Amino acid sequence: MKFASSYEPNQYESDIYAAWEAAGVFKPTIPTIPVDDNGDGVDDRFEAGAFETVLRRREQEERSAAHDDGPAQARRESTASNLCYSIVMPPPNANGNLHIGHGLTVALEDSLTRYYRLKGASTWYIPGADHAGFETWVVYEKNLEKSGHTRFEYSRDELYSRVWDFVQMQRGNMELQLRALGASCSWDDLTFTLDENVIDRVYTTFEKMWNDGMIYRGEKLVNYCPKHQTAFADIEVDHKDEKGTLWELAYDDIIVSTTRPETLFGDTAVAVNPEDERYKDMIGKTVHLPLTDREIPVIADEHADPEYGTGAVKITPAHDFDDFEVGNRHNLERIQVISEDGHMINVPEKYLGLTTEECRKQVLKDLKDQGILKGEKKIVHSVAHCYKCDTVLEPMLKEQWFVDVEKLAKMAIEHLENDEIKFYPDNKKRVVINYLKNLKDWNISRQIPWGIAIPMFKKVTEEATDEPDWIFDRRTNLTEIEKSGTRYVRDEDTFDTWFSSSHWPIVCTDWSEENPTPYYPLNVMETAGDILFAWVARMIMMGVYVTGEVPFKEVYLHGLVLDEHGQKMSKSKGNVINPMDLVEKYGSDAFRLGILRGRSAGMNQAFSENSVIAGRNLCNKLWNISRLVQSIVDEEFENSATRGLPEATAEDEGASPVTLAPWDANCRRQTGASDPSRESTISNSLYTTDNMGEDWICREINECTKQIEQDMKDYRFAEAVETLYQTIWDKYADWFLESQKIYRNAALLKATLEHLLIILHPFAPFVTETIWQNLSWTEGFIITQKWPSRLNYDPITAEQFESILTIVSEVRGTLQALPGTNNANKYALMYDNDSLVEDNLLLIKALTKVPDINALDGKPRGLRLALANHELYLDVPEQVVAEYKDALTEKILSVGRELDALNARMMNPNYVEKAPEHLVKETKDQIKEKEALIDRLKTQQELI
RNA sequence: GGGCUUUUAGCUCAGUUGGCUAGAGCGCAGCAUUCACAUUGCUGAGGUCACAGGUUCAAGCCCUGUAAAGCCCACCA
């Protein structure tokens, strides 16, 4: 016996993965770089006919799902991109560990990759690693502080190289974990977000934008974390509702409302609504700013809401986003009173150097003493927090680089409205368009060293020349450069990580204008729904801007993986599930099957260990199915000389160049091959279907395969897994294999098992490959097999088998319901004039476990089964039948209720008139059947 | 304020263009045991499909409204 009695994933998974990797099966089969082997000056990948066999298969598929073809579609027709399937991995943190979300991502992406690989595409699943700018920086800075140092002791370049070393030391776990999850990605093509080609591409884009006038330097308010001393993009800000106080302060005759009294030193106006009668007379006058000797003007601006607070608002353009806008409209001075490390500056001596919090207390005290504080109210308002350290963010006036997004957004919207990207779930497309329509200019400067340096240099001002103040230059390894005799120093800031990430599909596929690749646009972008704006929207803008084409044809967004009670996982709640623990405990396949179960696009959904256990059970079931099938096939083929099994012709074989030696009894790989004569017989056998169950299982497997094809097209992973689960377990094992214990059909067993293994492989790669190798019927890896074509069967016999299923189920149910236990082998079954039963005596006997099945001799006796079309009796003594009487009455009643409902439907003239004909006919048939059934049950009842 | 999503069995979810006598897994109850598999097999219980109206021969599905839960964007002096 080659197979152990249960499947132990840990014994096989890493070996299997290593074998795949060594054989190079993860690499795309169509080259990713241009080739011109025939020397005709044309990129061979784009020549039609180069991959005829694949193309033919593709065409068939395309034809069945033909849809309108835009110009881009037409251009790609008959080119290599038609045969390619590309997908990039959202890069996990290079020096981190994978969390449950990565587990889901890999399960989804790798299932797609493996499916399309089996379908014959040249698949390219491109792995990535993220330098995780801010995250990594925070961790590094914490370490630095622990060792008693601060970032200010080092230059930017020193810090960069220190973090680089730090990351290198920590690296590697993530890649190992991706392997453990079975990700069939092309490791040679792993892209790190700080790779040279990434930086290069980012600089090229930046230069293009600079030349196009889309980059500007501006002093604007940005959200600034005083602790981390860096600015954030709007999208990185965590808004939280908090309780606060609204204070009312008397600025002479006007009472203003504020939540931030300490910023009053930065006030340069008081605004009232132009329509507000209360303050009309004040407009244009000045008021005294408390605690200072300044006078500030009263201005009219729509921003002041007469309904809110006192209707008058102090304006601090340097420390509030709305006030900044008001300041711009009225040309107000911006006075910065809070420094970048959160202390008071440009304020009277008394307050100088206080933290904002200390200052607020002092200011309130002084205002109260002077009678200026007129009132306070508790309110709830939303406050911006640092998403990393939870510090309250300070709106800070800073010179930063901005991208004018108007053109970018407009182009992206055009392509989106042109339906060039299909979204799953589809409502997200509208959400993205809406976001892009309201997008504000994008602050791309970050004040952290760990990232891509902004390639801008500032003129050293002492030297007065006509040269521009800022110039673009790629030499960011230098802090200072000279150009046209003028000295320039490098801007110390780095790019917002999303600026470079937005190039991901371009850099991963190595697209360039000179060498467009058939792998761009990607077939699908699969990622988490919560980075729809930060990443997906930006990739679309950047893709269109750089390449003129959308970066991907479809977007699949997954939701959050919640805990088993639908709660968000968090360290503080202690409900975090580590995917690697589950892989360790139940195997990679079990994890993948478990996490895909019950999951649909865009939804935050619960996940529990139970679903992984269900997955593990399926793997074990499949393992044992294979064990049984192999034992039958082995036995049958040993006698095959006398049986004369037919042989397949050459074109039915799926030859593959890679071979693995089979495992021995201890599931370790042997060096030698197994008996070649036996192997060739098995691998060449063709099947015929000899009985109804065989036709039936072929039909069911075909249905299942078709279903999976549709599900994969629609990204319905959970449904695909569900279908497989039921086909393998309920149909193949519980019915077909049970019947094969009676009628053995080795060639069919082989064909069907291989078929099932292949269609399960995208979801459970390890167990299917392990079994494939153990069976060693067909050469090569399962991962590179062909997606199976339909099995041949006779539909009429397949349908007839359903009757057997009904009979067997009814016998089992009735036996259970009869008084007493263990009834199965007590009572014989009798049939009257029923050829279906007569022809399948052995099978029915085996499935029902009744001791005997006989033709009825003489008058009917015993218990008649509740079957409309079959005359079957259980040979039960009258006394037992009498005890069963209540159950029988209940059955008659329940069938009667069903019959009433059907009759009511037919009594409705509108139904008969308007419903489709086939439904009316169906109802009529059902009525006939129910009537017959009731009739039989009633005779039975009278017999008692 | 604007937008999105969800509500179906004890739990987690399916239910695709209306044809439903509403399904699955887990859980629960009963029965089985030298069988490929106890990570098993068989049988069963369990649902006014959130609520109220409407359209239709027919509504879990379509329309209108209500309620509850969750999310996103904007505002919040």
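The shown structure was predicted, so the numbers you read here are calculated from the model rather than taken from an experiment.
Between the P atom of C71(B) and the CG atom of Leu532(A) lies a distance of 17 Å, rounded to the nearest Å. Between the NZ atom of Lys568(A) and the C1' atom of C71(B) there is a distance of 9 Å, rounded to whole Å. Rounded to whole Å, the distance from CG on Asp238(A) to P on A74(B) is 13 Å. Atom pair Ile613(A):CD1 and A24(B):P shows a separation of 21 Å (rounding to whole Å applied). Between the CD1 atom of Ile577(A) and the P atom of U12(B) there is a distance of 14 Å, given to the nearest Å. In this structure, Leu560(A) atom CG and C13(B) atom P are separated by 13 Å, rounded to whole Å.
Between the P atoms of U64(B) and G3(B), the separation comes to 14 Å (whole Å). Straight-line distance between the P atoms of U16(B) and C20(B): roughly 11 Å, to the nearest whole Å. Comparing the same atom, C1', in A9(B) and in A50(B) gives a spacing of 15 Å after rounding to whole Å. Across the C1' atoms, U12(B) and U48(B) are found 23 Å apart, a figure rounded to whole Å. Taking atom P in both U8(B) and C62(B), the straight-line distance is 16 Å, to the nearest Å. Rounded to the nearest Å, the gap between the P atom of A59(B) and that of C49(B) is 12 Å. With both ends at atom C1', the span from G27(B) to A45(B) equals 13 Å, rounded to whole Å. G46(B) and U39(B) have their P atoms separated by 29 Å, given to the nearest Å.
Between Leu582(A) and Glu609(A) there is a side-chain heavy-atom pair separated by less than 4.5 Å.
For Lys731(A) and Glu738(A), the salt-bridge test fails: no basic side-chain N is under 4.0 Å from an acidic carboxylate O. No salt bridge links Lys422(A) with Asp426(A); every basic N to acidic carboxylate O contact stays at or beyond 4.0 Å. Note on Glu262(A) versus Arg260(A): salt bridge recorded, some NZ/NE/NH1/NH2 to OD/OE distance being below 4.0 Å.
A close approach under 4.0 Å does not occur between any side-chain nitrogen or oxygen of Gln605(A) and OP1 or OP2 of C71(B). Listed pair Trp729(A) / C37(B) fails the phosphate criterion, with no side-chain N or O lying under 4.0 Å from OP1 or OP2.
Under a 3.5 Å cut-off, the side chain of Ser809(A) and the backbone N or O of Thr806(A) do not form any donor-acceptor pair. The main-chain N or O of Asn745(A) is found under 3.5 Å from a side-chain atom of Gln740(A) such that the two form a donor-acceptor pair. Between the side chain of Arg599(A) and the main chain of Ala718(A), no donor-acceptor pair closer than 3.5 Å is present. The main-chain N or O of Tyr387(A) is never found under 3.5 Å from a side-chain atom of Asp238(A) such that the two would form a donor-acceptor pair. Looking at Asn10(A), its side chain never comes within 3.5 Å of a backbone N or O of Gly587(A) through a donor-acceptor pair. In this structure a side-chain-to-backbone donor-acceptor pair under 3.5 Å is present from Asn575(A) to Ser570(A).
Counting atom types as modelled, Lys440(A) pairs no side-chain N or O with a base atom of A74(B) as donor and acceptor under 3.5 Å.
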Just the table, please: protein N/O against nucleotides 17-23 of chain B N/O, every pair under 3.5 Å.
| residue | atom | partner | partner atom | Å |
| --- | --- | --- | --- | --- |
| U21(B) | OP1 | Arg905(A) | NH2 | 2.7 |

Where do N or O atoms of nucleotides 1-4 of chain B meet protein N or O atoms at under 3.5 Å, pair by pair?
| residue | atom | partner | partner atom | Å |
| --- | --- | --- | --- | --- |
| C4(B) | O3' | Asn427(A) | ND2 | 3.3 |
| C4(B) | O2' | Asn427(A) | ND2 | 3.1 |

Any N/O pairs under 3.5 Å between the protein and nucleotides 26-29 of chain B? List them or say none.
| residue | atom | partner | partner atom | Å |
| --- | --- | --- | --- | --- |
| C26(B) | O2' | Asn610(A) | ND2 | 3.1 |

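In this structure, Leu104(A) CG and Leu596(A) CG are separated by 7.0 Å, a value rounded to the nearest 0.5 Å.
Using cut-offs of 30° and 60° for the angle between ring planes, the Tyr7(A) and Tyr12(A) rings count as parallel. Using a 30° and 60° split on the angle between ring planes, Tyr725(A) and Trp729(A) fall in the parallel class, below 30°.
Phe717(A) and Phe763(A) have their aromatic ring centers separated by at least 6.0 angstrom.
Contacts of Glu242(A) classified as salt bridge (Lys or Arg N to Asp or Glu O under 4.0 Å), with partners at least two apart in sequence or in another chain: none.
At least one test fails for Arg360(A) against the ring of Trp247(A): distance under 6.0 Å to the centre or angle within 45° of the axis.
When the nearest nucleotides of RNA chain B are assigned to Gly566(A) and His381(A) by heavy-atom distance, the more 5′-ward of the two goes with Gly566(A). In terms of position along RNA chain B, the nucleotide closest to Tyr7(A) lies nearer the 5' end than the nucleotide closest to the other residue of the pair Tyr7(A) and Phe533(A).
For RNA chain B, the residues of residues 593-601 of chain A within the heavy-atom distance limit of 4.0 Å (strictly under) are Arg597(A), Gly598(A), Ser600(A), sorted by number.
Residues Tyr732(A) and Thr727(A) bring no donor and acceptor atom of their side chains to less than 3.5 Å of each other. With hydrogens and angles left out, the side-chain atoms of Asn624(A) and Arg627(A) include a donor and acceptor closer than 3.5 Å.
Of the listed nucleotides (G30(B), C72(B), A36(B)), A36(B) has the atom at the smallest distance from the side chain of Lys621(A). In this structure, the nucleotide among G15(B), U39(B), C37(B) sitting nearest to the side chain of Glu719(A) is G15(B). Checking C37(B), C13(B), C31(B) against the side-chain heavy atoms of Gln816(A) singles out C31(B) as nearest. Residue Leu737(A) has its side chain nearest to A36(B) when only G15(B), U39(B), A36(B) are considered.
Stem regions annotated for RNA chain B: B:1-7 with B:67-73, B:10-13 with B:23-26, B:28-32 with B:40-44, B:50-54 with B:62-66, counting only runs of 3 or more consecutive pairs of Watson-Crick or G-U type with both contacts under 3.5 Å.
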